Amino acid sequence: MLKIAIQAKGRLNEQSMSLLADAGISASSGNRKLISKAKGFPMEILYLRDDDIPQAVAMGVADIGIVGLNEIVEKDEHVERILDLGFGACRLSIAIPREADYTGTAWLNGKRVATSYPRILGKFFADNGIDAEIHEIAGSVEIAPAVGMSDAIFDIVSSGGTLVQNGLREVEQVFFSEAVLIATPGLQEDKLEEIDKLKFRLNSILDSRGMKYVLMNLPRTSLDQAVKMLPGMKSPTLLPLTDPEWCSLHVVIPESELWGKIEMLKSIGAEDILVLNLENIIR
Ligand code: ATP
Ligand code: MG
């Protein structure tokens, strides 16, 4: 049976669980156990610290895992990256005290930089010919400059709010991360088949995320115009109405374009526009 490792608690736990739930896979309750059997798919779920997931998957303790790309690259474990999951986006950046006069990467020469990501930072320094001291600390990296432990930090940034609170400013964006699905290299055929089934479900959810299903009544005379402004998956679906001068048009629209498209559709006479959530796109 397939074993999947996910973060036991923390920023990736909830979204990992809800992605699985959308794929019809739920963990039996009693969440804080190390391992539980899934419902809806022949799979066991292992709850680990995110730091341990790359190694667990590399060793085959778990066949697959969901973890941030940052952890995979930092731990440098040999795993296969099989699907990008579109959540947990963040970046690893260098930040310095707000008032420091940054002159480019040369500013970092001779400085002490605190981080929990010494490998990724070391590679950035090597690639850019920077001679700085890497000071590895496990947590609360952002307070290091204020307490005199370092001159700069290299840490995860998403909104930047934590940096501002600590009197820091981001000066170099070094590495971009999101949650990814990884697998043990060289798995047996039966496991690969199970993984393909899981990937099929996950892809159909990832494709539908951020998409809306839109239905409207449209005067037939506006149809050509509507089709031009609405490139659908193949082409929009058209259904006749009992009134021959009108038709019903169905289309899938990315959420980010929804209101713009709706305004255009209204301007060419669309009425009774229904916007529905899309759960899956099965191709
Ligand atoms: P664990 O106890 O499992 O070791 P942790 O404290 O190391 O957890 P979290 O803070 O829960 O880790 O972050 C887990 C992952 O979430 C990060 O490695 C990163 O990939 C992702 N992430 C996304 N946004 C952020 C953010 N703003 N801050 C921290 N991590 C983020
Ligand atoms: Mg961790």
Side-chain angles (χ1 to χ4, degrees), residues 3-22 27 30-36 44-59 61-62 64-77 79-96 113-124 134-146 150 152-183 202 206 209-210:
K3 285 201 188 96
I4 185 169
I6 66 169
Q7 193 188 21
K9 52 178 192 286
R11 287 175 198 267
L12 298 180
N13 168 269
E14 209 170 293
Q15 281 167 295
S16 303
M17 299 289 282
S18 75
L19 178 65
L20 293 177
D22 288 350
N31 212 324
R32 292 288 159 251
K33 283 189 303 188
L34 175 64
I35 188 160
S36 73
E44 282 178 322
I45 306 177
L46 255 76
Y47 302 92
L48 301 178
R49 281 199 59 178
D50 72 341
D51 307 60
D52 297 331
I53 293 176
Q55 193 190 17
V57 173
M59 289 170 64
V61 170
I64 53 177
I66 296 177
V67 68
L69 185 61
N70 53 321
E71 288 299 324
I72 300 165
V73 174
E74 179 60 30
K75 296 297 187 298
D76 198 27
E77 295 285 353
V79 294
E80 261 170 53
R81 176 175 169 185
I82 54 175
L83 191 63
D84 294 352
L85 299 174
F87 62 87
C90 59
R91 56 190 185 269
L92 290 173
S93 293
I94 296 177
I96 65 171
V113 186
T115 188
S116 313
Y117 294 90
R119 188 187 302 266
I120 297 174
L121 181 59
K123 183 169 184 312
F124 176 75
I134 297 175
H135 190 70
E136 185 174 350
I137 51 180
S140 304
V141 171
E142 63 284 354
I143 63 160
S150 74
I153 65 163
F154 176 63
D155 202 9
I156 292 180
V157 181
S158 54
S159 69
T162 312
L163 294 182
V164 172
Q165 278 167 22
N166 287 283
L168 299 169
R169 78 188 158 100
E170 187 178 8
V171 291
E172 300 289 341
Q173 298 187 349
V174 172
F175 184 88
F176 292 84
S177 178
E178 67 176 294
V180 295
L181 183 70
I182 53 173
L202 298 181
L206 298 175
R209 282 196 171 167

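Just follow the structure's listing: the first ligand is 1, and inside any ligand the first atom is 1. Worth saying up front: this structure is predicted, and the values here are computed from it rather than measured.
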Near the Mg ion (ligand 2), which protein N/O/S atoms fall under 2.8 Å? Asp50 OD1, Asp51 OD1
Under 4.0 Å to a heavy atom of [X] - the qualifying atoms of ligand 1, by number:
X      : value
Gly10  : 11 (O)
Gly68  : 20 (O)
Ser158 : 26 (C), 27 (N)
Ala89  : 23 (C), 24 (N)
Asp51  : 4 (O), 7 (O)

Per atom 26 (C) of ligand 1, closest listed option by heavy atom (Gln15, Gln7, Arg11, Arg49):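 Looking at heavy atoms only, the winner is Arg11.
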Nearest option to atom 1 (P) of ligand 1, as decided by whichever heavy atom of Val180, Asp50, Ile156 sits closest: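 Ranked by closest heavy atom to atom 1 (P) of ligand 1, first place is Asp50.
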Starting from [atom], what is the nearest protein heavy atom, named by residue and atom, and what distance separates them?
atom                    : result
atom 20 (O) of ligand 1 : Asn70 OD1, 2.7 Å
atom 23 (C) of ligand 1 : Gly88 O, 3.5 Å
atom 22 (N) of ligand 1 : Cys90 SG, 3.7 Å

Taking the side chain as C-beta and beyond, is there a heavy-atom pair between [X] and [Y] under 4.5 Å?
X      : Y     : answer
Thr115 : Ile94 : no
Ile35  : Tyr47 : no
Ile182 : Ile64 : no

Could you walk me through whether Glu44 and Ile4 pass side chain to side chain contact (heavy atoms under 4.5 Å, CB included), step by step? CA-CA 6 Å; Glu44 282 178 322; Ile4 185 169; over 6 Å; no
Mark yes when over 12 heavy atoms from residues, nucleotides or ligands other than Gln173 sit less than 6.0 Å from its CD; otherwise mark no.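 Yes, CD of Gln173 has more than 12 neighbouring heavy atoms, counting only those of other groups under 6.0 Å.
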According to the salt bridge (Lys or Arg N to Asp or Glu O under 4.0 Å) rule, which pairs have a member within residues 161-171, sequence neighbours left out? Arg91-Glu170
Nearest heavy-atom pair of Gly139 and Ser116: which atoms, and what distance? N-OG, 4.4 Å
Heavy-atom closest pair, residues Ser93 and Val157: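 In this case the closest contact between Ser93 and Val157 is CB-CG2, 3.8 Å.
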Output yes when Asp52 and Lys75 qualify as a salt bridge under the 4.0 Å nitrogen-oxygen rule, no when they do not.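 Salt bridge absent between Asp52 and Lys75.
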Going through the distances and angles, do Leu163 and Asp155 end up as a side chain to side chain contact (heavy atoms under 4.5 Å, CB included)? CA-CA 10 Å; Leu163 294 182; Asp155 202 9; 5.9 Å; no
Quick one: do Leu121 and Val174 satisfy side chain to side chain contact (heavy atoms under 4.5 Å, CB included)? Show the steps, please. CA-CA 8 Å; Leu121 181 59; Val174 172; 5.7 Å; no
Protein heavy atom under 4.0 angstrom of atom 6 (O) of ligand 1, is there one?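 It does not: no protein heavy atom is found less than 4.0 Å away from atom 6 (O) of ligand 1.
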Report yes or no: does a heavy atom of Ala179 sit under 4.0 Å from some atom of ligand 1? no
Show your working on side chain to side chain contact (heavy atoms under 4.5 Å, CB included) between Ile66 and Val180 and close with a plain yes or no. CA-CA 6 Å; Ile66 296 177; Val180 295; over 6 Å; no
